[in-house]
Amino acid sequence: MKSILRFIDICLFRSGPDSLPANNQLTQWVLLCYFCVSVLMNQIDMSMRISLWIGISDLLVLMAFLYLLLRFNHLLPRYQQTLSAMAGTGSLLGLLSMPLLWAFHQYAEKTDAANFILFSLMLVMFWSLMVTAHIIRRTLETSAPKAVALTMLYVVIAIVLNGLVMSGAT
């Protein structure tokens with residue numbers, strides 16, 4: 001329960017990844033949650049097979065990106081806490097956006113409802129990007145613009161690789 005509250009604090013920009021314990025068990029649990037949330041979110045409008053592949057791709061991109069980022073910056077000892085923070089906050093924000101994704105999929109024909117839901121989804125997506133930038137900024141002890149640029153790089157890599165996975169899984 002304490003870990004969930006710490007993830008919430010990170011999502012609210014009250015703390016950073018350094019507030020989490022460097023614990024293998026916590027990291028494994030949040031990676032499993034991250035994978036499951038990714039699969040469930042993609043199941044809303046994709047097949048189970050594609051959702052599983054995207055979940056694996058999401059997880060591998062997250063792990064590899066953070067590993068390379070921290071290795072390049074000589075901060076590899078922070079890997080486990082940063083990975084836990086990214087996966088934990090990603091899981092929480094994914095769970096928050098899941099009902100919105102489902103509702104958008106259900107009400108796509110009703111313009112007013114769909115527009116409101118889409119706007120809400122965009123707010124959660126923006127929040128998620130800012131949380132990711134916050135985690136990167138705190139981990140690297142860098143400026144906000146650099147953290148935002150690295151966040152955008154991460155998102156572009158994830159989108160490209162997930163697109164390749166989707167095209168190969170169909």
Side-chain angles (χ1 to χ4, degrees), residues 1-39 41-42 54-101 104 117-166:
M1 185 63 171
K2 282 185 180 181
S3 294
I4 293 173
L5 294 175
R6 287 182 180 160
F7 292 129
I8 291 170
D9 282 345
I10 294 169
C11 285
L12 297 175
F13 311 104
R14 292 184 197 153
S15 65
D18 55 317
S19 69
L20 296 170
N23 179 319
N24 284 336
Q25 190 174 15
L26 174 65
T27 303
Q28 290 169 357
W29 276 108
V30 294
L31 289 175
L32 177 63
C33 288
Y34 184 82
F35 172 75
C36 290
V37 168
S38 177
V39 170
M41 285 177 61
N42 286 298
I54 290 174
I56 291 168
S57 172
D58 277 344
L59 199 55
L60 292 176
V61 169
L62 175 64
M63 293 170 71
F65 180 82
L66 288 177
Y67 180 83
L68 293 171
L69 180 66
L70 295 177
R71 181 149 179 104
F72 178 75
N73 286 284
H74 309 290
L75 295 169
L76 210 47
R78 298 180 184 183
Y79 178 71
Q80 192 170 38
Q81 288 173 302
T82 306
L83 182 59
S84 293
M86 293 280 281
T89 58
S91 297
L92 285 177
L93 293 169
L95 287 171
L96 181 65
S97 66
M98 203 176 311
L100 295 170
L101 283 170
F104 182 74
I117 295 166
L118 185 59
F119 178 73
S120 301
L121 271 169
M122 288 173 42
L123 288 176
V124 174
M125 198 177 339
F126 180 74
W127 183 15
S128 178
L129 291 172
M130 291 302 99
V131 169
T132 300
H134 168 70
I135 292 168
I136 290 172
R137 184 183 63 79
R138 292 281 296 259
T139 298
L140 298 181
E141 298 174 2
T142 190
S143 67
K146 183 177 177 182
V148 169
L150 289 167
T151 298
M152 294 295 108
L153 176 63
Y154 166 67
V155 169
V156 168
I157 291 169
I159 289 170
V160 167
L161 290 176
N162 281 336
L164 291 172
V165 166
M166 282 177 27

Residues 85-98 side chain polar contacts: donor-acceptor under 3.5 Å, at least two apart:
residue, atom, partner, partner atom, Å
Thr89, OG1, Ala85, O, 2.7
Thr89, OG1, Met86, O, 3.4
Ser91, OG, Tyr34, N, 3.2
Ser91, OG, Ala87, O, 2.8
Ser97, OG, Leu93, O, 3.3
Ser97, OG, Gly94, O, 3.1

Applying side-chain contact (heavy atoms from CB on, under 4.5 Å), run through Leu69 and Leu140 and close with a yes or a no.
-> CA-CA 9 Å; Leu69 180 66; Leu140 298 181; 4.0 Å; yes

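- Annotation: salt bridge (Lys or Arg N to Asp or Glu O under 4.0 Å) contacts involving residues 22-34, sequence neighbours excluded, are absent.
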Before giving the answer on side-chain contact (heavy atoms from CB on, under 4.5 Å), spell out for Leu32 and Gln28 the whole-Å C-alpha distance, their side-chain angles and the decisive distance to 0.1 Å.
-> CA-CA 6 Å; Leu32 177 63; Gln28 290 169 357; over 6 Å; no

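- The distance from the CG atom of Leu118 to the CG atom of Leu101 is 10.0 Å, given to the nearest 0.5 Å.
- One N or O on the side chain of Ser84 and one on the backbone of Gln80 form a donor-acceptor pair closer than 3.5 Å.
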Could you check Leu161 against Leu60 for side-chain contact (heavy atoms from CB on, under 4.5 Å), going step by step and ending with a plain yes or no?
-> CA-CA 10 Å; Leu161 290 176; Leu60 292 176; over 6 Å; no

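- Residue pairs meeting the salt bridge (Lys or Arg N to Asp or Glu O under 4.0 Å) criterion with at least one member in residues 20-38, sequence neighbours excluded, do not occur.
- Residue pairs meeting the ring-ring contact (aromatic ring centres under 6.0 Å, His included) criterion with at least one member in residues 135-166, sequence neighbours excluded, are Phe65-Tyr154.
- Other residues, nucleotides and ligands contribute only 12 or fewer heavy atoms inside 6.0 Å of the CE atom of Met122.
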Apply side-chain contact (heavy atoms from CB on, under 4.5 Å) to the pair Phe126 and Leu123, showing each step before the final yes or no.
-> CA-CA 5 Å; Phe126 180 74; Leu123 288 176; 5.7 Å; no

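- For the atom pair CG of Leu59 and CG of Leu83, the computed distance is 7.5 Å after rounding to the nearest 0.5 Å.
- One distance of note links CG of Leu100 with CE of Met125; it measures 10.5 Å at 0.5 Å rounding.
- In this structure, the side-chain contact (heavy atoms from CB on, under 4.5 Å) partners of Ala147, at least two apart in sequence or on a different chain, are Ala133, Ile136, Arg137, Thr142.
- Residue pairs meeting the side chain to side chain donor-acceptor pair (under 3.5 Å) criterion with at least one member in residues 56-75, sequence neighbours excluded, are Ser38-Asp58, Ser57-Asn162, Asp58-Asn162.
- Listed by chain and residue number, nothing satisfies the side-chain hydrogen bond (donor to acceptor under 3.5 Å, both in side chains) test with Thr132 (two or more places apart in sequence, or in another chain).
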Compile the donor-acceptor pairs under 3.5 Å between side chains in residues 11-18 and protein atoms, sequence neighbours left out, one pair per line.
residue, atom, partner, partner atom, Å
Arg14, NH1, Asp9, OD1, 3.1
Ser15, OG, Ser19, OG, 3.4
Asp18, OD1, Arg138, NH2, 3.3

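- Counting only residues at least two apart or on different chains, the salt bridge (Lys or Arg N to Asp or Glu O under 4.0 Å) pairs with a member in residues 75-94 are Arg78-Glu141.
- With sequence neighbours excluded, no residue forms a ring-ring contact (aromatic ring centres under 6.0 Å, His included) with Phe104.
- Atom NE2 of His134 and atom OG1 of Thr151 lie 11.5 Å apart (nearest 0.5 Å).
- Of the inter-residue distances, the one linking Leu150 atom CG with Ile135 atom CD1 reads 13.5 Å to the nearest 0.5 angstrom.
- The side-chain contact (heavy atoms from CB on, under 4.5 Å) search around Pro21 returns Arg6, Asn23, Leu26, not counting sequence neighbours.
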